[in-house]
Amino acid sequence: QRIDLRFTEPRFLDSRVSAGFDIFSVDTDSSDDSSFQSSQLGGALRFGLPLGEDTYLNTRYSYTKDELFIDSADLATASPAVIASVGNRSISLVGYSLTYDTLNNPLKPTKGMKLVLNQDFAGVGGNVNYVRTTFTGSYLHKLYDDVIGSIRTSAGHIEGWNGQGVNLNDAFYQGPNLVRGFDSAGIGPRDVSSLGQDALGAKTYAGASAEVTFPLGLPEEFGVRGAAFVDAGTAFGTDVSPTICPPATCTVADSSAVRASAGVSLLWDSPVGPMRFDFAEAFEAQSFDQKQFFRFSGGTAF
(Lines give C-alpha, C1' and ligand atoms only; values in the text may rest on other atoms or scores of the structure.)
Protein backbone atom coordinates (compact mmCIF):
# COMPACT_ATOMS: atom_id res chain seq x y z
CA GLN A 1 0.00 0.00 0.00
CA ARG A 2 1.61 3.22 -1.15
CA ILE A 3 0.67 6.88 -0.90
CA ASP A 4 3.09 9.14 -2.78
CA LEU A 5 2.34 12.85 -3.18
CA ARG A 6 4.66 14.75 -5.54
CA PHE A 7 4.90 18.36 -6.62
CA THR A 8 7.30 19.67 -9.27
CA GLU A 9 7.96 23.22 -10.45
CA PRO A 10 9.54 22.72 -13.92
CA ARG A 11 11.10 26.21 -14.06
CA PHE A 12 12.16 27.01 -10.51
CA LEU A 13 12.68 30.78 -10.06
CA ASP A 14 12.24 31.16 -13.82
CA SER A 15 15.36 29.09 -14.50
CA ARG A 16 16.07 25.84 -16.36
CA VAL A 17 16.22 24.05 -13.00
CA SER A 18 13.22 22.00 -11.89
CA ALA A 19 12.46 21.64 -8.18
CA GLY A 20 10.02 19.52 -6.27
CA PHE A 21 9.21 17.58 -3.13
CA ASP A 22 7.70 14.21 -2.24
CA ILE A 23 5.77 12.98 0.79
CA PHE A 24 5.29 9.22 0.96
CA SER A 25 4.02 6.40 3.11
CA VAL A 26 4.62 2.77 2.12
CA ASP A 27 3.38 -0.38 3.88
CA THR A 28 4.71 -3.65 2.42
CA ASP A 29 3.69 -7.18 3.34
CA SER A 30 6.57 -9.48 2.37
CA SER A 31 5.45 -12.32 4.63
CA ASP A 32 4.84 -14.67 1.69
CA ASP A 33 8.45 -14.21 0.53
CA SER A 34 10.46 -13.35 3.64
CA SER A 35 8.23 -13.57 6.75
CA PHE A 36 8.44 -9.83 7.44
CA GLN A 37 6.43 -6.68 6.94
CA SER A 38 7.73 -3.14 6.69
CA SER A 39 6.50 0.43 7.02
CA GLN A 40 8.17 3.54 5.63
CA LEU A 41 7.26 7.18 6.13
CA GLY A 42 9.30 10.04 4.73
CA GLY A 43 9.87 12.89 2.35
CA ALA A 44 12.29 14.09 -0.30
CA LEU A 45 13.51 17.23 -2.03
CA ARG A 46 14.44 17.09 -5.73
CA PHE A 47 16.31 19.34 -8.17
CA GLY A 48 16.95 18.66 -11.84
CA LEU A 49 18.40 20.31 -14.90
CA PRO A 50 19.05 19.40 -18.54
CA LEU A 51 22.69 18.78 -19.47
CA GLY A 52 21.94 18.55 -23.19
CA GLU A 53 19.14 17.90 -25.63
CA ASP A 54 18.63 14.30 -24.43
CA THR A 55 20.55 14.21 -21.15
CA TYR A 56 19.17 15.10 -17.73
CA LEU A 57 20.56 15.26 -14.20
CA ASN A 58 18.32 14.95 -11.16
CA THR A 59 19.54 15.27 -7.57
CA ARG A 60 17.68 14.41 -4.39
CA TYR A 61 17.74 14.30 -0.62
CA SER A 62 15.37 12.03 1.29
CA TYR A 63 14.70 11.14 4.89
CA THR A 64 12.79 7.96 5.78
CA LYS A 65 11.62 6.40 9.03
CA ASP A 66 11.76 2.67 8.38
CA GLU A 67 10.34 -0.16 10.50
CA LEU A 68 10.71 -3.89 9.84
CA PHE A 69 8.51 -6.21 11.92
CA ILE A 70 7.19 -9.77 11.98
CA ASP A 71 3.57 -10.71 12.55
CA SER A 72 3.13 -13.05 15.51
CA ALA A 73 1.68 -15.70 13.17
CA ASP A 74 4.94 -15.75 11.16
CA LEU A 75 7.39 -15.58 14.06
CA ALA A 76 7.67 -19.36 14.54
CA THR A 77 8.56 -19.99 10.89
CA ALA A 78 10.79 -16.94 10.24
CA SER A 79 14.49 -17.24 9.49
CA PRO A 80 16.87 -16.10 12.28
CA ALA A 81 18.27 -13.62 9.72
CA VAL A 82 14.83 -12.01 9.38
CA ILE A 83 14.31 -11.91 13.14
CA ALA A 84 17.70 -10.22 13.59
CA SER A 85 16.66 -7.45 11.17
CA VAL A 86 13.56 -6.42 13.12
CA GLY A 87 13.62 -2.83 14.36
CA ASN A 88 13.36 0.86 13.54
CA ARG A 89 15.84 2.82 11.43
CA SER A 90 16.33 6.36 10.13
CA ILE A 91 17.63 6.61 6.56
CA SER A 92 19.04 9.96 5.46
CA LEU A 93 20.50 9.95 1.96
CA VAL A 94 21.58 12.07 -0.97
CA GLY A 95 21.56 10.80 -4.52
CA TYR A 96 21.38 11.56 -8.19
CA SER A 97 19.99 10.16 -11.45
CA LEU A 98 21.66 10.67 -14.82
CA THR A 99 19.34 10.00 -17.77
CA TYR A 100 19.93 9.80 -21.51
CA ASP A 101 16.61 9.49 -23.35
CA THR A 102 15.90 9.44 -27.10
CA LEU A 103 12.63 7.47 -26.99
CA ASN A 104 10.05 8.75 -29.46
CA ASN A 105 7.17 8.29 -26.99
CA PRO A 106 7.50 8.12 -23.18
CA LEU A 107 4.38 5.94 -22.73
CA LYS A 108 4.40 3.71 -25.80
CA PRO A 109 7.81 3.96 -27.51
CA THR A 110 8.61 2.23 -30.79
CA LYS A 111 12.20 3.38 -31.27
CA GLY A 112 15.02 5.04 -29.42
CA MET A 113 17.17 4.48 -26.36
CA LYS A 114 16.94 5.24 -22.65
CA LEU A 115 19.79 4.86 -20.16
CA VAL A 116 19.43 5.68 -16.45
CA LEU A 117 22.16 5.60 -13.79
CA ASN A 118 21.13 6.03 -10.14
CA GLN A 119 23.37 6.39 -7.10
CA ASP A 120 22.36 6.92 -3.47
CA PHE A 121 24.63 7.58 -0.50
CA ALA A 122 22.95 6.84 2.86
CA GLY A 123 24.66 8.12 5.99
CA VAL A 124 24.15 11.87 5.83
CA GLY A 125 22.60 11.70 9.27
CA GLY A 126 20.32 8.83 10.27
CA ASN A 127 21.68 5.49 11.46
CA VAL A 128 21.96 3.59 8.15
CA ASN A 129 25.10 3.62 5.98
CA TYR A 130 25.22 2.28 2.44
CA VAL A 131 26.09 3.15 -1.15
CA ARG A 132 23.58 1.89 -3.74
CA THR A 133 24.07 1.98 -7.51
CA THR A 134 21.55 0.86 -10.13
CA PHE A 135 21.47 1.03 -13.93
CA THR A 136 18.73 0.41 -16.49
CA GLY A 137 18.99 0.56 -20.25
CA SER A 138 16.59 -0.06 -23.11
CA TYR A 139 16.84 0.07 -26.88
CA LEU A 140 13.88 -0.23 -29.26
CA HIS A 141 13.91 -0.59 -33.03
CA LYS A 142 11.17 -1.14 -35.60
CA LEU A 143 11.93 -4.44 -37.34
CA TYR A 144 9.05 -4.50 -39.80
CA ASP A 145 5.84 -2.44 -39.97
CA ASP A 146 4.31 -2.87 -36.49
CA VAL A 147 6.90 -5.41 -35.33
CA ILE A 148 9.12 -3.86 -32.63
CA GLY A 149 12.29 -5.37 -31.26
CA SER A 150 13.70 -4.34 -27.89
CA ILE A 151 16.66 -5.09 -25.66
CA ARG A 152 16.59 -4.20 -21.98
CA THR A 153 19.33 -4.45 -19.38
CA SER A 154 19.53 -3.72 -15.65
CA ALA A 155 22.09 -4.06 -12.88
CA GLY A 156 22.57 -2.98 -9.30
CA HIS A 157 24.84 -3.24 -6.28
CA ILE A 158 24.56 -2.10 -2.67
CA GLU A 159 27.38 -2.02 -0.13
CA GLY A 160 27.38 -0.99 3.50
CA TRP A 161 30.09 1.25 4.94
CA ASN A 162 31.40 2.38 8.31
CA GLY A 163 31.22 -1.19 9.59
CA GLN A 164 27.58 -1.76 8.64
CA GLY A 165 26.25 -4.62 6.55
CA VAL A 166 23.28 -4.42 4.21
CA ASN A 167 19.97 -4.78 6.05
CA LEU A 168 17.37 -7.16 4.59
CA ASN A 169 15.02 -4.25 3.96
CA ASP A 170 17.62 -2.50 1.76
CA ALA A 171 18.68 -5.54 -0.30
CA PHE A 172 17.40 -6.28 -3.82
CA TYR A 173 14.54 -8.78 -4.14
CA GLN A 174 14.45 -10.08 -7.70
CA GLY A 175 11.97 -12.24 -9.55
CA PRO A 176 9.84 -11.65 -12.66
CA ASN A 177 10.95 -8.01 -12.80
CA LEU A 178 14.41 -9.38 -13.70
CA VAL A 179 13.71 -12.83 -15.20
CA ARG A 180 10.16 -13.80 -16.00
CA GLY A 181 9.31 -17.37 -15.07
CA PHE A 182 10.32 -16.84 -11.43
CA ASP A 183 8.14 -15.93 -8.46
CA SER A 184 8.35 -12.65 -6.56
CA ALA A 185 11.73 -12.68 -4.73
CA GLY A 186 12.25 -16.06 -6.39
CA ILE A 187 15.90 -15.39 -7.30
CA GLY A 188 18.68 -14.67 -4.83
CA PRO A 189 19.97 -15.72 -1.38
CA ARG A 190 17.51 -17.75 0.65
CA ASP A 191 17.41 -19.49 4.02
CA VAL A 192 16.33 -22.91 2.79
CA SER A 193 16.19 -24.30 6.33
CA SER A 194 13.39 -21.93 7.42
CA LEU A 195 9.86 -23.24 7.10
CA GLY A 196 8.95 -20.26 4.95
CA GLN A 197 12.04 -20.63 2.73
CA ASP A 198 12.68 -16.94 3.46
CA ALA A 199 14.30 -14.81 0.76
CA LEU A 200 17.14 -12.71 2.22
CA GLY A 201 17.62 -10.24 -0.65
CA ALA A 202 20.72 -9.82 -2.82
CA LYS A 203 23.51 -7.26 -2.80
CA THR A 204 24.14 -7.58 -6.54
CA TYR A 205 21.96 -8.28 -9.56
CA ALA A 206 22.22 -8.08 -13.35
CA GLY A 207 19.92 -9.06 -16.17
CA ALA A 208 19.02 -8.67 -19.83
CA SER A 209 15.93 -9.28 -21.92
CA ALA A 210 15.29 -9.51 -25.66
CA GLU A 211 11.70 -9.12 -26.82
CA VAL A 212 9.70 -8.80 -30.03
CA THR A 213 6.17 -7.34 -30.00
CA PHE A 214 3.83 -7.84 -32.94
CA PRO A 215 0.17 -7.39 -33.97
CA LEU A 216 -2.21 -10.34 -33.69
CA GLY A 217 -4.37 -9.47 -36.68
CA LEU A 218 -7.15 -7.95 -34.56
CA PRO A 219 -8.60 -4.48 -35.27
CA GLU A 220 -6.27 -1.77 -33.97
CA GLU A 221 -8.97 -0.28 -31.72
CA PHE A 222 -8.90 -3.48 -29.63
CA GLY A 223 -5.41 -2.49 -28.46
CA VAL A 224 -4.21 -6.10 -28.29
CA ARG A 225 -0.70 -7.22 -29.27
CA GLY A 226 1.52 -10.25 -28.74
CA ALA A 227 5.13 -10.64 -27.67
CA ALA A 228 7.83 -13.28 -27.45
CA PHE A 229 10.84 -12.91 -25.15
CA VAL A 230 13.99 -14.43 -23.68
CA ASP A 231 15.25 -13.28 -20.25
CA ALA A 232 18.48 -13.97 -18.37
CA GLY A 233 19.83 -12.67 -15.09
CA THR A 234 21.33 -13.33 -11.69
CA ALA A 235 21.03 -12.02 -8.11
CA PHE A 236 23.48 -12.94 -5.38
CA GLY A 237 25.48 -11.84 -2.34
CA THR A 238 24.36 -11.27 1.24
CA ASP A 239 25.75 -9.82 4.47
CA VAL A 240 23.88 -12.40 6.57
CA SER A 241 26.70 -13.81 8.73
CA PRO A 242 26.97 -17.04 10.79
CA THR A 243 26.60 -14.86 13.87
CA ILE A 244 23.21 -13.62 12.68
CA CYS A 245 22.17 -16.93 11.15
CA PRO A 246 23.99 -19.81 12.95
CA PRO A 247 24.66 -22.88 10.74
CA ALA A 248 22.91 -25.08 13.28
CA THR A 249 19.60 -23.32 12.64
CA CYS A 250 20.14 -21.63 9.29
CA THR A 251 21.20 -22.75 5.79
CA VAL A 252 21.82 -19.86 3.40
CA ALA A 253 21.70 -20.89 -0.26
CA ASP A 254 23.31 -18.41 -2.66
CA SER A 255 24.59 -18.61 -6.24
CA SER A 256 25.76 -16.18 -8.90
CA ALA A 257 24.72 -18.61 -11.66
CA VAL A 258 22.67 -17.14 -14.50
CA ARG A 259 18.97 -17.96 -14.57
CA ALA A 260 17.13 -17.90 -17.90
CA SER A 261 13.62 -18.21 -19.29
CA ALA A 262 11.61 -17.87 -22.49
CA GLY A 263 7.96 -17.19 -23.09
CA VAL A 264 5.15 -15.30 -24.77
CA SER A 265 2.94 -12.41 -23.66
CA LEU A 266 -0.41 -10.84 -24.38
CA LEU A 267 -0.47 -7.03 -24.15
CA TRP A 268 -3.73 -5.11 -23.87
CA ASP A 269 -4.20 -1.33 -23.84
CA SER A 270 -7.33 -1.57 -21.69
CA PRO A 271 -9.61 1.37 -20.76
CA VAL A 272 -8.08 1.40 -17.25
CA GLY A 273 -4.47 1.28 -18.41
CA PRO A 274 -1.99 -1.11 -20.04
CA MET A 275 -2.22 -4.74 -18.96
CA ARG A 276 0.21 -7.57 -19.60
CA PHE A 277 -0.13 -11.35 -19.32
CA ASP A 278 3.20 -13.23 -19.33
CA PHE A 279 3.62 -16.99 -19.78
CA ALA A 280 7.23 -18.01 -19.13
CA GLU A 281 9.16 -21.23 -18.68
CA ALA A 282 12.41 -21.09 -16.72
CA PHE A 283 14.97 -23.40 -18.33
CA GLU A 284 17.98 -22.36 -16.21
CA ALA A 285 17.43 -22.23 -12.45
CA GLN A 286 18.93 -23.19 -9.11
CA SER A 287 17.31 -25.81 -6.92
CA PHE A 288 16.36 -23.24 -4.28
CA ASP A 289 14.79 -20.75 -6.73
CA GLN A 290 11.02 -20.37 -6.80
CA LYS A 291 9.35 -20.46 -10.21
CA GLN A 292 6.15 -18.94 -11.57
CA PHE A 293 4.71 -19.81 -14.98
CA PHE A 294 2.06 -17.05 -15.24
CA ARG A 295 2.30 -13.39 -14.31
CA PHE A 296 -0.17 -10.52 -14.64
CA SER A 297 0.95 -6.92 -14.45
CA GLY A 298 -0.59 -3.61 -15.32
CA GLY A 299 -2.02 -0.35 -14.11
CA THR A 300 -1.67 3.32 -14.79
CA ALA A 301 -0.68 6.53 -13.03
CA PHE A 302 -3.09 9.38 -12.27
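The residues of the chain are indexed from 1 along the displayed sequence.
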- Provide the closest heavy-atom pair for Val258 versus Ala232 in the form atom of the first, atom of the second, distance. CG1-CB, 4.0 Å
- Message: Using a strict threshold of under 4.0 Å (side-chain N to carboxylate O), is an ion pair present between Lys108 and Asp269?
- Response: yes
- Where is the tightest heavy-atom contact between Pro189 and Asp254, given as atom of each residue plus distance? CG-OD1, 3.5 Å
- Between Arg180 and Phe229, is NZ or CZ placed under 6.0 angstrom from the six-membered ring centre and within 45° of the ring axis? yes
- Could you grab the distance from atom CZ of Phe182 to atom CD of Gln292, nearest 0.5 Å is fine? 11.0 Å
- Message: Any salt bridge linking Asp170 with Arg132? Criterion: basic side-chain nitrogen under 4.0 Å from a carboxylate oxygen.
- Response: no
- Between OG on residue Ser31 and CG on residue Asp29, distance to nearest 0.5 Å: 3.5 Å
- Query: Under 3.5 Å, is there a donor-acceptor pair between the side chain of Gln164 and the main chain of Asn129?
  - Reply: yes
- Minimum side-chain heavy-atom gap Asp239-Lys203 below 4.5 Å: yes
- Identify the two heavy atoms, one from Ala199 and one from Arg190, that lie closest to each other, and give their separation to 0.1 Å. N-NH1, 3.8 Å
- Message: For the CD atom on Gln1, are there more than 12 heavy atoms of other groups (residues, nucleotides or ligands in this structure) within a distance under 6.0 Å?
- Response: no
- Item | From CA spacing to verdict: side-chain hydrogen bond (donor to acceptor under 3.5 Å, both in side chains), Ser34, Asp198 | CA-CA 4 Å; Ser34 302; Asp198 286 343; 5.6 Å; no
- With no hydrogens and no angle check, is any side-chain donor or acceptor of Asp33 less than 3.5 Å from a backbone partner on Ser30? no
- Note on the structure: To the nearest 0.5 Å, atom OG1 of Thr99 lies from atom OH of Tyr56 at 9.0 Å
- Query: Quick check: does any side chain N or O of Ser92 sit under 3.5 Å from a backbone N or O of Val124, one acting as donor and the other as acceptor?
  - Reply: yes
- State plainly whether one hydrophobic cluster holds both Leu218 and Val264, where clusters connect Ile, Leu, Val, Met, Phe, Trp and Tyr through side-chain heavy atoms under 4.5 angstrom apart. yes
- Message: Is the shortest side-chain heavy-atom distance between Arg46 and Thr8 below 4.5 Å?
- Response: yes
- Message: I need the full list of disulfide (SG to SG under 2.5 Å) pairs touching residues 200-298, with sequence neighbours left out, sorted by first then second residue.
- Response: Cys245-Cys250
- Task: May I have all residue pairs that pass disulfide (SG to SG under 2.5 Å) and include part of residues 26-98, sequence neighbours excluded?
- Result: none
- Item | Crowding at CG, Leu216 (>12 non-hydrogen neighbours, <6.0 Å) | yes
- Cluster check Leu143, Phe214: I/L/V/M/F/W/Y, side chain < 4.5 angstrom: yes
- Message: When you compare the side chains of Ser79 and Asp191, does any donor N or O come within less than 3.5 Å of an acceptor on the partner?
- Response: yes
- Task: Please step through side chain to side chain contact (heavy atoms under 4.5 Å, CB included) for the pair Thr133 and Leu117, ending with a clear verdict.
- Result: CA-CA 7 Å; Thr133 304; Leu117 173 67; 3.9 Å; yes
- With a 4.5 Å limit on heavy-atom distance, are the side chains of Leu68 and Asn167 in contact? yes
- Note on the structure: ring pair (Phe, Tyr, Trp, His ring centres under 6.0 Å) with Phe121: of Tyr61, Tyr96, Trp161, Tyr130, only one passes, and it is Trp161
- Taking the side chain as every heavy atom from C-beta outward, state whether Ile187 and Tyr205 have any pair of such atoms under 4.5 Å apart. no
- Message: Please give me the minimum heavy-atom distance between Leu140 and Pro109, naming the atom from each residue.
- Response: CD2-O, 3.5 Å
- Would you mind reporting whether Leu178 and Arg259 have side-chain heavy atoms less than 4.5 Å apart? no
- Message: Are Val147 and Val212 packed together at the side-chain level, in the sense that at least one heavy-atom pair is separated by less than 4.5 angstrom?
- Response: yes
- Query: Does any donor atom in the side chain of Asp231 or Ser209 lie under 3.5 Å from an acceptor atom in the other side chain?
  - Reply: yes
- Heavy-atom donor-acceptor pair, Asp289 side chain to Ser287 backbone, under 3.5 Å: no
- Message: Let me check something: do Val26 and Ile3 share a hydrophobic cluster, defined by ILVMFWY side-chain heavy atoms less than 4.5 Å apart, either directly or through other members?
- Response: no
- Taking atom types as modelled and ignoring hydrogens, do the side chains of Asp74 and Ser35 form a donor-acceptor contact shorter than 3.5 angstrom? no
- Establish, from distance only, whether the side-chain atoms of Ser150 and Arg152 form a donor-acceptor pair under 3.5 Å. yes
- Task: Check the pair Leu266, Val224 against side chain to side chain contact (heavy atoms under 4.5 Å, CB included), reporting the backbone distance first and the verdict last.
- Result: CA-CA 7 Å; Leu266 184 68; Val224 177; 3.6 Å; yes
- Below 4.5 Å, heavy atoms only, C-beta onward: do Arg60 and Ser97 meet side chain to side chain? yes
- Task: Verify whether one side chain among Asn104 and Thr110 offers a donor that lies under 3.5 Å from an acceptor in the other.
- Result: yes
- Can you get from Val86 to Leu75 by hopping between Ile, Leu, Val, Met, Phe, Trp and Tyr side chains that sit under 4.5 Å apart? yes
- Task: Report yes if the side chains of Tyr139 and Thr153 come closer than 4.5 Å at any heavy-atom pair, otherwise no.
- Result: no
- Enter the distance from Gln37:CD to Thr28:OG1 here, rounded to the nearest 0.5 Å. 9.5 Å
- Item | Distance-only side-chain donor-acceptor flag, Lys65 / Ser90, under 3.5 Å | yes
- Check whether Val82 and Tyr173 end up in the same hydrophobic cluster, where Ile, Leu, Val, Met, Phe, Trp and Tyr are linked by side-chain heavy atoms less than 4.5 Å apart. yes
- Within the distance-only criterion (no hydrogens, no angle test), does the side chain of Gln197 pair as donor or acceptor with the backbone N or O of Val192 below 3.5 angstrom? yes
- Message: Quick one, Leu168 with Val240, criterion side chain to side chain contact (heavy atoms under 4.5 Å, CB included). Give me CA distance, side-chain angles, the key distance, then yes/no.
- Response: CA-CA 9 Å; Leu168 264 63; Val240 173; 4.0 Å; yes
- Please report the shortest heavy-atom distance between Ala227 and Thr213, naming the atom on each side. CB-CG2, 3.8 Å
- Quick one: do the Thr64 and Asp66 side chains pair a donor with an acceptor below 3.5 Å? no
- Note on the structure: The reported gap from OG in Ser38 to CZ in Arg89 (rounded to nearest 0.5 angstrom) is 9.5 Å
- Query: What is the distance from atom CZ of Phe288 to atom OG1 of Thr251, rounded to the nearest 0.5 Å?
  - Reply: 12.0 Å
- Item | Short side-chain donor-acceptor distance under 3.5 Å, Thr102 and Asp54 | no
- If the plane angle is over 60° it's perpendicular, under 30° parallel, otherwise tilted; pick one for Phe294 and Phe277. parallel
- Task: Using modelled atom types only, decide if a donor and an acceptor are shared between the side chain of Ser39 and the backbone of Glu67 within a distance under 3.5 Å.
- Result: no
- Please walk me through it: do Ile23 and Phe7 pass side chain to side chain contact (heavy atoms under 4.5 Å, CB included)? CA-CA 9 Å; Ile23 300 174; Phe7 172 81; over 6 Å; no
- Ile91 versus Ala122, closest heavy-atom pair with distance: CG2-CB, 4.2 Å
